[in-house]
Amino acid sequence: MKKDLDHTDPAKNMNTERGNGGETHQRAGEDTKVLTTQQGVPIADNQNSLKVGARGPTLLEDFVLREKINHFDHERIPERIVHARGSAAHGYFELTESLEEYTTAKILTETSKQTPLFTRFSTVAGNKGSKDTPRDVRGFSVKVYTEEGNWDLVGNNMPIFFIQDAIKFPDLIHAVKPEPDRGFPQAASAHDTFWDFVSLSPETMHNVIWLMSDRGLPRSFSMMEGFGIHSFRLLDKEGKSTFVRFHWKPVLGVQSTTWDEAVKISGADPDYHRRDMFEAIDNGMYPEWEFGVQLFTEEQANEFPFDHLDSTKLIPEEMVPVKIVGKMVLNRNPDNFFAETEQVAFCLSHVPPGIDFSNDPLLQGRLFSYLDTQLKRLGSPNFAQIPINAPKCPFANNQQDGHMQMQVPKTRVLYEPQSLDPTRPRESVEKGFESFHEKMDDGVKGRIRAESFADHYSQPRMFYRSQTTVEQAHIASAYAFELGKVDTAHVRTRTISHLRHIDEDLASRVAKALGMELPEAADAAAPVQDMATSPAVRTIGLSPKSLKGRLIGILVAEASKHSEVKKFEDAAKAEGASVKIVALSKEVLLDDDTRIQADERLAGGPSVMFDAVVSIIMPDQAKKLAKDSAALDWFTDAYVHCKAIAYCGATDEFILSKLPIEKDAFVTPLADLDTFIENAKSRLWEREPKVRDLA
């Protein structure tokens, strides 16, 4: 038992200073080791990469950035350092509205064409063998095989990121990964090192609150939004630039699990998301997303109450609407998991002509990092020759040799300019990639964080206040759970001091749940703004009421009525749902002597795997199940997770009547089939305060 808890924050005595953009700097003192490169060169600034002016592009000469990112990229072999746990599928992209006014990229100007693509979803923090359902950011990366070369749109299911400068990425991941002295926790942010880092880095507050929201617990890959995160540029025929942010909006809407469900699902089926997508595609229920863009000019960006080059800031849809211009459909599973899902290599630098980059310092660093990572992970600069990575358009270059060279160049000329082979490829002014001709200011070259990056709390405040009361309770409970795993008292105190700038009620709820006194608010580097709320960032209430993509569990036993089972199965499937039969045994003989095979045995098919449940059993079997803990949990969990339940008379008499289950609007008899089908399209969130103590 720990007594006399010390909430004194030692960071205050570590020569801690605030930089130009509100970032935290900790300076070495006389008795402190000086941070150096591997060559022993002292580092003056470990928070900012070297740029041309505060908002200019990052410079290739930054050897500190390159060494730090290079070493980080090479920390793991052979799996990915981040996004190791992934699942993927083939599909196509189709443009429905041309953006010819803004770009020359054919993929964004030529409509009614189906362009092949490969999309990979992933968790961030866990290793390749970790579970699908932790509280985590999800990777959402799309490789489009355009006729002008591959376009890799490498994003997440959240529109912002934790840090503002790529030089901080190794620190972020080292903090969230298993602690190096003990090797745990795996695939979890609920530990001291993560919260120590983020509470000393206020720029992380926006992404952290998204992580604590229901967005960190997606119901399935097909119910996640995807975001390109950064501002990119679109270039027209005259070289005029328009800024753009890319969005993938799921046709099924954004839906999530509850924390209790996610915990239980991870034990019952750690491959829950992977299996869900594989089976959906296998059954012809193809996941689909709308493709949208937010378009804005430099002049419009200058009027935003935030800096759009700051990757910790989103652009509210109410400020710049998302224009839907296309769609993505995933319709084919990989033929081989390793050859495709594991070997696919995404690089942000892969863009076709007509798309270009902004000076976002996180994006600038990623342009280096991703290529460096693939060179190490796949072992060769020839990784582009692996079939899943190879372009599907004609390509030609003068590269030669190297490990895993699979092409056989039939020429004596692999250089240019040259005069010995007139058939060899040459550059093209008309078709070639053209960078935006940006006029640079007279800013001083240096490690500078722009002052416009200093507001770390206004958007987290906007996000929290935009949520429904149910979602706000989930966020507060998530903070309480995560910080409840943090043993260092001053880290908990420091974190809550940041929450006071986001919302006083949120800070109070978390402090109360942890039994802590409310600390003084942290020093804010910039005034906190009360931005207009954005309903678009919610999860609850925005999704279409539909059974498509949902899974119904029907519990049966010996002598269950076949006609009732079929009635519910047909009704659910007619609405687009999938159905799985759950029973005590793998094979079951129904009342009409039909022998069926259950999809799940009750012990391995808990109700957390389903979006709604039905029970069709006879009295003798109901009496038996009333003594089975797995059966009791099956009904109790469905109820406490706010799901629809349809029950027969025997279930009611021998099971439900013995459980703390109230017959509310979502608990209905079999005769109310239509009511059950309608209820199964959503959850009864009004039930949650009755069954769970939320922060």
Side-chain angles (χ1 to χ4, degrees), residues 83-89 120-139 157 185-188 214 216-224 252 255-283 285 287 330 333-334 337 341-342 547-556 572 577-586 597-615 628-645 680 683:
H83 299 280
R85 173 75 182 182
S87 306
R120 186 177 186 272
F121 307 98
S122 54
T123 55
V124 174
N127 64 25
K128 191 166 65 173
S130 60
K131 60 193 178 186
D132 272 352
T133 54
R135 181 179 294 280
D136 200 354
V137 178
R138 297 311 193 277
N157 72 324
Q186 177 62 246
D214 291 350
L217 303 169
R219 160 62 180 82
S220 70
F221 296 138
S222 60
M223 297 174 185
M224 295 193 317
L252 298 180
Q255 300 178 43
S256 302
T257 64
T258 65
W259 172 243
D260 188 59
E261 278 180 292
V263 170
K264 292 173 178 175
I265 289 170
S266 69
D269 185 4
D271 305 306
Y272 183 68
H273 288 153
R274 179 175 292 178
R275 189 187 314 278
D276 176 85
M277 184 171 69
F278 188 93
E279 291 182 350
I281 294 174
D282 221 29
N283 294 328
M285 301 171 67
L330 300 181
N333 284 311
F337 185 89
T341 304
E342 278 301 295
L547 275 186
K548 292 181 178 178
R550 293 180 179 268
L551 181 60
I552 309 299
I554 302 180
L555 179 64
V556 304
S578 297
V579 176
K580 286 192 174 183
I581 303 297
V582 181
L584 273 173
S585 54
K586 189 64 177 176
Q597 177 173 294
D599 297 290
E600 299 283 354
R601 293 183 63 244
L602 181 59
S607 62
V608 291
M609 297 170 61
F610 308 109
D611 296 288
V613 298
V614 182
S615 178
D628 188 306
S629 63
L632 299 179
D633 286 345
W634 206 79
F635 292 100
T636 302
D637 279 348
Y639 181 75
V640 301
H641 297 146
C642 308
K643 297 174 182 177
I645 301 173
R683 301 197 195 208

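A quick note: this is a predicted structure, and the numbers were derived from the prediction, not measured. This chain uses plain numbering: 1 for the first residue, then up along the sequence.
Formation of a donor-acceptor pair under 3.5 Å by the Lys131 side chain with backbone atoms of Ile265 is not found in this model. Proximity of a side-chain donor or acceptor of Arg85 to a complementary backbone N or O of Val124 within less than 3.5 Å is not detected. Side-chain N or O atoms of Arg138 include none that pairs as donor or acceptor with a backbone N or O of Thr123 at under 3.5 Å. Side-chain atoms of Lys264 never come within 3.5 Å of backbone atoms of Pro606 as a donor-acceptor pair (strictly under, hydrogens ignored). Checking side-chain atoms of Lys586 against main-chain N and O of Ala598 turns up a donor-acceptor pair under 3.5 Å. Side-chain N or O atoms of Gln186 include one that pairs as donor or acceptor with a backbone N or O of Asn127 at under 3.5 Å. Although no hydrogens or angles enter the test, the distance criterion places no donor-acceptor pair under 3.5 Å between the side chain of Asp282 and the main chain of Phe278. In this structure, the side chain of Asn283 does not engage the main chain of Met285 through any donor-acceptor pair within 3.5 Å. Side chain of Asp136 to main chain of Ala125: a donor-acceptor pair is present (N/O by atom type, distance under 3.5 Å, no hydrogens or angles).
Of the inter-residue distances, the one linking Phe635 atom CZ with Ile645 atom CD1 reads 7.5 Å to the nearest 0.5 angstrom. Atom OG of Ser222 is separated from atom CZ of Arg550 by 10.5 Å, given to the nearest 0.5 angstrom. The CG atom of Leu602 sits 7.5 Å away from the CH2 atom of Trp634 when rounded to the nearest 0.5 Å. Between the CZ atom in Arg274 and the CZ atom in Phe121 there is a gap of 13.0 Å [rounded to 0.5 Å]. The NE2 atom of His273 sits 8.0 Å away from atom CE of Met224, with the distance rounded to the nearest 0.5 Å.
When the shell of 6.0 Å around NZ of Lys580 is examined, it contains more than 12 heavy atoms from other residues, nucleotides or ligands.
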*Verify salt bridge (Lys or Arg N to Asp or Glu O under 4.0 Å) between Glu261 and Arg683, making sure each step is shown before the conclusion.*
CA-CA 13 Å; Glu261 278 180 292; Arg683 301 197 195 208; 2.6 Å; yes
*Could you please spell out the steps behind the salt bridge (Lys or Arg N to Asp or Glu O under 4.0 Å) verdict for Arg219 and Asp276?*
CA-CA 10 Å; Arg219 160 62 180 82; Asp276 176 85; 3.7 Å; yes
